[in-house]
Amino acid sequence: MVKVVDGELIFFRGHTPGDWYTIPFSVDAEGDYDVTINMTELNGYGDYQMYIDDQPYGEVYCGYAKARNVRKHSLGTVHLTAEEHTLKL
């Protein structure tokens, strides 16, 4: 895994299907949130399903592209309680 110093990029290389990367995050106020993630596309990248608190959200994201590209990927509207949560991809 590689992290950019300012926290804008996380590079995770899974070795087998089913490998996951989990990111903890917290919400200060309960509510409905529109969740969007900036995802990098490049040749050799695979497909990802995003999970929040072990529940799948959004469509499966295809990370393959012939040239490097960054694209917004919406997970839709998610109801979150005021506590710690996890994003898994």
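This one's a predicted model, so the numbers in the text were calculated from it and none came from an experiment.
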Under 3.5 Å, is there a donor-acceptor pair between the Thr77 and Asp32 side chains?
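No pair is found: no donor N or O on one side chain lies under 3.5 Å from an acceptor on the other.
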
Open item on the list: Regarding Lys72 and Asn38, do their side chains bring together a donor and an acceptor under 3.5 Å, going by distance alone?
Closed with: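 Checked: Lys72/Asn38 side chains pair up, N/O donor to acceptor below 3.5 Å.
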
Run the side-chain contact (heavy atoms from CB on, under 4.5 Å) test on Arg71 and Met39 for me, step by step, so that the C-alpha distance in whole Å, both residues' side-chain angles and the decisive distance to 0.1 Å come before the verdict.
CA-CA 5 Å; Arg71 182 169 55 107; Met39 296 291 292; 5.7 Å; no

Connected hydrophobic set around Tyr51, excluding itself, where side chains approach under 4.5 Å: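 Other cluster members: Trp20.
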
Keeping to residues at least two apart or across chains, list the salt bridge (charged side-chain N to carboxylate O under 4.0 Å, His left out) pairs with something in residues 76-89.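 Listed once each, the pairs are Asp54-Lys88.
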
query = Would the number of heavy atoms belonging to other residues, nucleotides or ligands and lying under 6.0 Å from CD of Glu30 be above 12?
reply =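 Above 12, so yes.
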
**Q.** With sequence neighbours excluded, residues passing ring-ring contact (aromatic ring centres under 6.0 Å, His included) with Tyr57
**A.**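 By the ring-ring contact (aromatic ring centres under 6.0 Å, His included) rule, Tyr57 matches no residue at all.
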
Nearest heavy-atom neighbours spanning Leu87 and Phe25: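 Answer, listing the atom of Leu87 first, then Phe25: N-CE2, 3.8 Å.
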
Residue pair Asp28 / Ala82: nearest heavy atoms and the distance that separates them: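 In this case the closest contact between Asp28 and Ala82 is O-CB, 3.4 Å.
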
Quick one: OH on Tyr48 to CG on Leu89, what's the gap to the nearest 0.5 Å?
->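 Here the interatomic distance stands at 7.5 Å.
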
Check Asp53, Ile52, Val27 against Val78 for a side chain to side chain contact (heavy atoms under 4.5 Å, CB included) and give me the one that passes.
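Going through Asp53, Ile52, Val27 one by one, the side chain to side chain contact (heavy atoms under 4.5 Å, CB included) with Val78 is satisfied by Ile52 alone.
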
Exercise. Is there a side-chain contact between Glu59 and Gln49 (heavy atoms, below 4.5 Å)?
Worked result: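 Sidechains of Gln49 and Glu59: no contact.
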
Starting from Val35, can I reach Ile23 by hopping between I/L/V/M/F/W/Y residues whose side chains sit under 4.5 Å apart?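 Result: yes, single cluster for both.
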
